[in-house]
Amino acid sequence: MASVTGASVSMTSLSSSFKPCLALSSRISNGNSISFSINGSRFPSLRLQPMRRQVSCKAKPETVEKVCEVVKKQLALPADSTINGESKFSALGADSLDTVEIVMGLEETFGITVEEENAQTIATVQDAADLIESLVENKGAKRVDNKAENKAA
């Protein structure tokens, strides 16, 4: 198995019969592709694709608790129901209409607007809480920008 990290190449054996006497040469060109040659046999070049990095921030516990309250209210769940960040809306009995109502309840509670494409990514209480924190943060940043523009005018 070959793995590429930055500009380094390493080979590891998938079986115990790997003979270390093989002559390995590799070539990285333009940082976009890599080619291998073992004992004079050439292998097709591999094209390197940039990796997507996803930054995930856990929402504040208070946000998660508020989302749990909204979900309980929208789904008419008993007050003693156990809901946490890992709770999936579908497992709580929510259908697509219920999920829309949950999102609307969250918008009202937090004073935000959730775009449709973002709403479709929400499957758990934690997903909703993380999205809300992101939207509230962005909303706060826009307020600061607007205040600065108004003072400059």
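This chain uses plain numbering: 1 for the first residue, then up along the sequence.
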Taking it one step at a time, do Leu75 and Ile102 satisfy side-chain contact (heavy atoms from CB on, under 4.5 Å)? CA-CA 8 Å; Leu75 297 178; Ile102 290 169; 4.2 Å; yes
Where do Gly105 and Val70 come nearest, in terms of heavy atoms and distance? C-CG1, 3.9 Å
Between Gln126 and Ala59, the two heavy atoms sitting closest are NE2-N, 3.4 Å
Could you report the tightest heavy-atom contact between Leu77 and Ile83, atom names first, then the distance? CD1-CD1, 3.5 Å
Is there a side-chain contact between Thr124 and Asp127 in this structure, where contact means two heavy atoms from C-beta onward sitting under 4.5 Å apart? yes
So, taking the atom named CD in Glu69 and the one named NZ in Lys66, what distance separates them when rounded to the nearest 0.5 Å? 8.0 Å
Student check: side-chain heavy atoms of Asn84 and Val64 closer than 4.5 Å: no
Hey, what do you get for CD (Glu101) to OG (Ser96), rounding to the nearest 0.5 Å? 10.0 Å
How about CD on Glu108, more than 12 heavy atoms from neighbouring residues, nucleotides or ligands closer than 6.0 Å, or not? no
Could you tell me whether the side chain of Leu106 reaches within less than 4.5 Å of the side chain of Val71, counting heavy atoms only? no
Any side-chain heavy atom of Val125 sitting closer than 4.5 Å to one from Phe89? yes
Do Ile112 and Ile132 have side chains that approach each other closer than 4.5 Å (heavy atoms only, starting at C-beta)? yes
Nearest 0.5 Å, please: how far is CG in Leu131 from CD in Glu115? 10.0 Å
Minimal heavy-atom distance between Gly93 and Asp98, with the atoms involved, is O-OD2, 3.7 Å
Determine the minimum heavy-atom distance between Val114 and Glu107, stating which atoms define it. N-OE2, 2.7 Å
